[in-house]
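Take a look at the structure set out below.
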Amino acid sequence: MLKRTHTCGELGKDHIGESVNLNGWVNTVRLHGQVIFIDLRDRYGKTQIVFNSEDYDGDFESVKKLSMEDVLSVKGTVQARGENAVNPDMSTGEIEVMVDTMELLSETTPLPFVITDRESASEDLRLKYRYLELRTDELQYNIITRHKAYQAVRGFLSENNFLEVETPILMKSTPEGARDFLVPSRLHNGKFYALPQSPQIYKQILMISGFDRYFQIVKCFRDEDFRADRQPEFTQIDIEMSFVDEEDIYSNMEGMTRHVFKEVIGTELPDPFPRITYDEAMSKYGSDKPDTRYELFLQDVKQFTDVSDFNAFKSAECVKAIVVLGGAKYSRKNIDEMTDLVKSFKAKGLTWMKMEEGQLTGGISKFFGDDLQKELISSTGICDGDIIFLIGDERSVTEKSLGALRVEIANRENLADKNDFKPLWVTEFPMFEIDEETDKLTFLHHPFTSPTTQNVNELDSDPESLKARAYDLTLNGYEIAGGSIRIHNPEIQNKVFSLLGLSQEEAQEKFGFLVEALTYGAPPHGGIAFGFDRLVMLLTGSSNIRDVIAFPKTTSALSLMDGSPDSVSDNQLDELNIQIIKKK
RNA sequence: GGGAUCGUAGUUCAGUUGGUUAGAACGCCGGCCUGUCAAGCCGGAGGUCGAGGGUUCGAGUCCCUUCGGUCCCGCCA
């Protein structure tokens, strides 16, 4: 091997005349009979190397056989390109390397897809050959950006006195929350470890141990169903602080987020980040993670529909509307598509009216008299050429479905600027909600979240109306972090467990060690966890989480490259005393 | 658990109302070519139409089952 003296991204005019060695992959071959151009690629860039039959020392015929993704080492001389031959699209486009010696380090068999064109293969094929896909410019950029994000996070937190502490991957299964991935124990027959859904309990215990500022960039595991932005294993920036309230968390985390965006992509974020309460976010945006890059607010129109002749809305708990600028252009088909969308969020339908020449027309407009139309027009601010969409239903259905429609319309109308980053704290989450399946009280965040009250009696009287000291950080419609101030009083902690329907025994069995730890001098503490993959997704402008993970799994949690999960040998099962029961 | 959608050459796709020998581009193989950068031109090989079953004289096309991808609802503290 001719060991490289330079990478494929660094040669320029200053190197003209130098003898250099390059190593890399053949990106493209352009064969012209007696002269051959090859773009040689490594992770630093591409350099055009030239083989000329007159100057090349080796066997020119074997150079003709080179094809994409062969691995070469070459020795040659850097030369300026002719004036017409300069390639302004390449950072090394002013020079080329005239090769005199070449060694073929590795020859590739025919490729399953073309590396230079990521779109040339479907995603399942790319995932099977992930090592090839990772050679593409886009994924190389994403992985490099991810690296920069790790370093920026560690740099900032370490600089600010946070200690990086590792916590166990094999831990105790805890009830509630997401489904655990289980790991059978060989030494303890019939018992199981769980993989952490998050290091939540460990980090609280670290606070009790006196490590008042902790962080960890850590894998978490949840055995649930997946989405474009959810994987079975994902990475969190896990953070916890002692002797703090919400304001300390906000200011530190804003500092970290600003630092990361500045360091990694050179973007300045606002200071401070704006805040909105959960109730206001739901009411105004129909989402607990609103994208504030555009307005398109939800407006309450129940007072108008109640006095109209449109009876379907009269019994609805909540009637809201959004006005789309220029939306009168929407066809029947467009509106049908949007109707399907809101129906998937349990809305019964989507009603609409268009505004033309000062009049509301079409849709349900005939149910609104002239005077009522005028009031509705002036209240909503609808203008000629606009459309107004209305949904009436239970409050949560109305808001969620209109919130989804709001995002869909923003996509269609290109309302969100890709280079615009709008962080937003969402605060004052409810402490509990009713689980629709079991009809029982359940937590919104997790069972260690402090309620806003420290009064045990108040907790008992009307738990549903209680607020939690919980907060989410959202960015452009994504939840990128969530956290809370924790309970540090064992009495309150036990009360919350009991409200959640955990018996004294269950709570003792599952969380007893934490409750006991709280009795030995627990400092007030709180923290947050960032979804690191989502953060990198936003930093790279990717639209799915798989594009920022080196070896992701599919939506059905398969790894197409290595074929996991897979069956194991009977021997392995015997050692664990596990028997597979065939499903009927 | 549910909904939508996709699966045809190595790859991306086309394939009419069910009808003769399933096409194109890129890639691959061979040939020509000394200034290209998505090089160009000529030729060639390459198909279990995801799998299984059914309807039919006849299925890539219609029906059922199943596997896999993607997106979404539920779920995900």
Side-chain angles (χ1 to χ4, degrees), chain A residues 27-39 46-55 60 64-65 67-69 81-90 92-93 96 98 108-129 132 174-180 197-198 200-201 220-232 234 337 340-347 400-401 404 407-408 429 431-433 435-437 442-449 468 470 472 479 482-484 496 500 529 531 543-544 546 553-556 558 560:
Chain A
N27 199 62
T28 47
V29 181
R30 294 178 293 277
L31 170 63
H32 291 251
Q34 300 309 303
V35 63
I36 299 167
F37 300 97
I38 287 176
D39 292 337
K46 289 173 203 147
T47 302
Q48 173 163 288
I49 61 175
V50 188
F51 295 82
N52 185 315
S53 62
E54 288 168 15
D55 302 334
F60 197 74
K64 283 185 173 177
K65 301 274 187 239
S67 57
M68 290 190 291
E69 301 306 313
R81 294 207 199 178
E83 216 162 289
N84 301 331
V86 167
N87 184 344
D89 298 329
M90 262 170 111
T92 61
E96 62 194 8
M98 184 59 77
T108 181
T109 50
L111 297 161
F113 60 92
V114 187
I115 309 288
T116 45
D117 181 12
R118 205 167 157 234
E119 299 306 310
S120 78
S122 63
E123 191 169 3
D124 50 335
L125 192 81
R126 288 184 270 128
L127 285 175
K128 180 172 177 193
Y129 297 98
L132 296 180
T174 52
E176 318 276 343
R179 209 170 283 121
D180 283 324
Q197 299 173 27
S198 89
Q200 181 61 37
I201 294 174
C220 302
F221 307 84
R222 293 176 192 176
D223 188 4
E224 292 292 343
D225 290 350
F226 304 106
R227 291 286 192 283
D229 63 348
R230 278 177 10 206
Q231 283 269 307
F234 60 98
E337 288 162 0
D340 286 343
L341 174 80
V342 299
K343 278 184 175 167
S344 77
F345 288 84
K346 294 205 185 114
K400 276 188 195 167
S401 53
V407 172
E408 168 65 19
F429 278 81
M431 182 77 187
F432 304 109
E433 65 181 353
D435 186 317
E436 288 189 8
E437 274 179 32
T442 178
F443 47 83
L444 222 66
H445 190 58
H446 58 54
F448 318 112
T449 300
D472 279 357
E479 179 196 327
S484 62
V496 167
L500 292 168
S543 55
N544 80 61
R546 295 181 296 277
K553 295 188 171 52
T554 66
T555 330
S556 64
L558 297 173
L560 297 180

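The chains referred to below are lettered A, B, ... by the order of the sequence lines, with proteins before strands, and numbering in each begins at 1.
Rounded to whole Å, atom P of B/U70 lies 13 Å from atom CG of A/D225. Rounded to a whole Å, the CG atom of A/D340 is 11 Å from the C1' atom of B/G3. Look at CD on A/Q34: it is 14 Å from C1' on B/G31, rounded to the nearest Å. Whole-Å rounding puts the A/F345 CZ to B/C72 C1' distance at 7 Å. Spacing between atom OH of A/Y129 and atom P of B/U12 amounts to 12 Å, rounded to whole angstrom units. Note: CG (A/N544) to P (B/U70) measures 9 Å, nearest angstrom.
Side chains of A/F113 and A/L125 form a contact here, defined as non-hydrogen atoms less than 4.5 Å apart.
Not one side-chain nitrogen or oxygen of A/K343 sits closer than 4.0 Å to the OP1 or OP2 atom of B/C72. Remark: A/R30 is in phosphate contact with B/A39, judged by side-chain N or O atoms under 4.0 Å from OP1 or OP2. Between B/A38 and A/T28, no contact under 4.0 Å exists linking OP1 or OP2 to a side-chain N or O. Dashed line: the shortest gap from a side-chain N or O of A/T555 to OP1 or OP2 of B/C71 is under 4.0 Å. Look at A/S556 and you'll find a side-chain N or O under 4.0 angstrom from OP1 or OP2 of B/G69.
The partner of B/U12, taking Watson-Crick or G-U wobble pairs whose two distances both stay under 3.5 Å, is B/A24.
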Verdict with reasoning, A/R30 to A/D39, per salt bridge (Lys or Arg N to Asp or Glu O under 4.0 Å): CA-CA 9 Å; A/R30 294 178 293 277; A/D39 292 337; 3.1 Å; yes
